[in-house]
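First the structure, in the form of structure tokens, and then the observations on it.
Letters A, B, ... mirror the listed sequences (proteins, then strands); counts begin at 1.
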2 protein chains.
Amino acid sequence: MVSIREVAKLAQVSPATVSRVINGTAKVDDEKKERVLRVISETGFVPNEVARSLFKKSAKIIGLILPSIKNPFFTQMASAIEKTADASGYRLVLCNTGNSPDKELSALQMLTSMNADGIILTTSNEQIHEYIENCKIPVIITDRRLAIDGACYVHSDHYEGGRQAAEHLIDCGCKSIVCIKGPQDISSARARYEGYSKVCNEKNIKLQTVDCDYDFNAGLEVTEKILKKFPDVDGIVACNDIVAISVYKVLHKKGIKVPEDIQLIGFDNISLSELLTPELTTIAQPIEEIGAKAAELIINRDEELTEREFTFETELIIRETTKLKGDR
Amino acid sequence: MVSIREVAKLAQVSPATVSRVINGTAKVDDEKKERVLRVISETGFVPNEVARSLFKKSAKIIGLILPSIKNPFFTQMASAIEKTADASGYRLVLCNTGNSPDKELSALQMLTSMNADGIILTTSNEQIHEYIENCKIPVIITDRRLAIDGACYVHSDHYEGGRQAAEHLIDCGCKSIVCIKGPQDISSARARYEGYSKVCNEKNIKLQTVDCDYDFNAGLEVTEKILKKFPDVDGIVACNDIVAISVYKVLHKKGIKVPEDIQLIGFDNISLSELLTPELTTIAQPIEEIGAKAAELIINRDEELTEREFTFETELIIRETTKLKGDR
DNA sequence: ACTATGTTTGAAACGGGTTTCAAGAGTGAA
DNA sequence: TTCACTCTTGAAACCCGTTTCAAACATAGT
């Protein structure tokens, strides 16, 4: 691996001059510049990013800390972050926590000590509170809202999304709706349910709920439970698209027709929801916008922020698991 | 950010001693060790990973260069890589290339200059040849086989997978099978097709093929084409699960029953293929094993390699889109 | 008591770009 | 010709954890 000092020697200039040529930080005599460039291309010299970031205290890195890389929602968000980051020359360092607070903290420390320029984090764990507040790099919390000052929040309007889901099923004529509540330690799941139940209260609809994790197998189980507990159910609000898919699967296996017998709505609008047969009616989050915004907040971190919370609107996407026809 | 020199000053020892305490690289007087540990916990000192990796020439980083982060196959592989990496204290730096050779090369250079300990790469681009052969860190090419010396290869036996798919549809009684060939510049797609066509030749089955990209929309189009060109088709071998899903979607929309009218088999066994209704019959690649193996090759890079190519077996997973019943 | 061996320790060098600072070169005006 | 000012350039310090090397000290053996 050739170093800047070797390039300097071969081009008969000082390392400082080579640095100035590479970065265009100061005027360099044309003849010398050419010599330097020639040596660089002959030797294939690439500046060592580690040495650079040691001095600059910026590694051009965005840290991404997620509960699970396999979850399509996070994957789509990660993809949007990567796209935005890459366009500005930033790389993504990925950490998977499986919701473990220990792993979250160590990922956070790790990324700070790597001179990351900012961290994008999805967590429900308030214990990392202190670390984040003392953190000198921006920390962006996506999808969820915690009570941590010093962080930025980027998420959808889950409350409104919950309302939209409830209203849509009611508009579709459902009389006995069951809401599958997501994990209530997650702020977005809480907000969705609050929006949902608000509408039900306004319209005097009886609240029928079951609890469920954001997990395919949990969705399979909870569907059985719904059918047993609420035999007259004709509408199901799933806590996310993955759970909606599992609900559909159980209903289909039992010969229950969707949307004829039971109507079904998901949440997130992961790209999968459109690939399925039948296509899933769902509440769309602007996943790409959320990811892009989070990345931008880090890339433009020197700009003074007027807001610390960015809320995006959700949108009802009517497809094939409910009866009203959408635009499509 | 407190440095090792500050810690040393506060603990009244030299930076060298602090380093020895942190890393356990040499015996340190118990009393001093305790002083150092106390100062570390009081100040919240975390060693700067960048300075460390500048000296050590290892950043404890695995670079992962993929055509697309959204593709579930790669996501599942990435997840397995992350799991293996994390267990040994390595982080993942993710680069998305969208198959652009320029981006591949710059990601490769970038990762080398970041002192990455190794790179896992999925590409069909032979142009990066020279760079990889001169690369001083291990480069592992997954899923595909190129003609690049100096790289390691980790993949499934796609040829055998192609054979299994063909044999299964024949066993299921298909008389007019259409094979959707994947992009033939990708070695694994070629191998699958070779395995497939070998079986057809052995059994005197007419080869009926169409070309298709690994893409959902391409799958929708190609299905229309199949129905037009081969109206008596009763079996379809899709080039991967995503395309199989899109094929199913078109067939379903046209009222064609799967597997009654047309049987369908995918490739990969992404977790999605089991979530669907109907569940997809497919040729499984051991995605997690491939990812883990690739990561291990980097983590254990000092061990002498006896092989440069690691081939995993594929497995026929019979589910609901073909007529023979599997174990389940 | 004195050599021999072993252990602990800190000063200093190292890794490789970047930046500061002051010297040297060049230009123009007086 | 000389003073003033600008532009280009390289030496050296810097970022910060690690390691080498030799000094200092301790223990054991004779």
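With 3.5 Å as the limit, one finds no donor-acceptor pair spanning the side chains of A:Thr84 and A:Tyr90.
Contact check of residues 33-43 of chain A against DNA chain D (heavy atom, cut-off under 4.0 Å) returns no residues at all.
Ion pairing between a basic and an acidic side chain is recognised when a charged N comes within 4.0 Å of a carboxylate O; B:Arg35 and B:Glu31 show such pairing. Ionic pairing of A:Asp86 and A:Arg91 is not present here: no N-O contact between side-chain nitrogen and carboxylate oxygen is shorter than 4.0 angstrom.
In this structure, the side chain of A:Glu82 engages the main chain of B:Asn96 through a donor-acceptor pair within 3.5 Å. A donor-acceptor pair under 3.5 Å links the side-chain atoms of B:Asn48 to the main chain of B:Val50, judged by distance alone. Of the possible polar contacts, one joining the B:Lys136 side chain to the B:Asn134 backbone as a donor-acceptor pair under 3.5 Å is found. The backbone N or O of B:Lys70 sits less than 3.5 Å from a side-chain atom of B:Ser68, completing a donor-acceptor pair.
Remark: B:Lys293 engages B:Val154, B:Glu296, B:Leu297, B:Phe310, B:Phe312 in a side chain to side chain contact (heavy atoms under 4.5 Å, CB included) (not counting sequence neighbours).
The distance between atom CG of B:Leu54 and atom C1' of C:dC14, rounded to the nearest whole Å, is 9 Å. If you take CG of B:Asn115 and C1' of D:dG17, they are 14 Å apart, rounded to a whole angstrom. The interatomic distance linking B:Lys9 (NZ) with C:dG10 (C1') rounds to 15 Å, in whole Å. In this entry the distance linking CG of B:Asp29 with P of C:dT9 reads 5 Å, nearest Å. A straight line from CE of A:Met114 to P of D:dG17 spans 15 Å, rounded to a whole angstrom. Between B:Glu6 atom CD and D:dG17 atom C1' there is a gap of 14 Å when expressed in whole angstrom units.
Checking the phosphate oxygens (OP1, OP2) of C:dG16, a side-chain nitrogen or oxygen of B:Lys57 falls inside 4.0 Å.
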Please test A:Leu121 against A:Ile132 for side-chain contact (heavy atoms from CB on, under 4.5 Å), starting from the C-alpha separation and ending with a verdict. CA-CA 11 Å; A:Leu121 168 65; A:Ile132 291 179; 3.8 Å; yes
Interface polar pairs with nucleotides 17-21 of chain C, N/O, under 3.5 angstrom:
unit_1: C:dG17; atom_1: OP1; unit_2: A:Asn48; atom_2: N; d: 3.4
unit_1: C:dG17; atom_1: OP2; unit_2: A:Ile4; atom_2: N; d: 2.4
unit_1: C:dG17; atom_1: O5'; unit_2: A:Asn48; atom_2: N; d: 3.4
unit_1: C:dG17; atom_1: N7; unit_2: A:Arg5; atom_2: NH2; d: 2.9
unit_1: C:dG17; atom_1: O6; unit_2: A:Arg5; atom_2: NH2; d: 2.8
unit_1: C:dT18; atom_1: OP1; unit_2: A:Asn23; atom_2: ND2; d: 3.3
unit_1: C:dT18; atom_1: OP1; unit_2: A:Arg52; atom_2: NE; d: 2.4
unit_1: C:dT18; atom_1: OP1; unit_2: A:Arg52; atom_2: NH2; d: 3.0
unit_1: C:dT18; atom_1: OP2; unit_2: A:Ser19; atom_2: OG; d: 2.9
unit_1: C:dT18; atom_1: OP2; unit_2: A:Asn23; atom_2: ND2; d: 2.9

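Looking at heavy-atom distances under 4.0 Å, A:Val28 makes contact with sugar-phosphate atoms alone, never a base.
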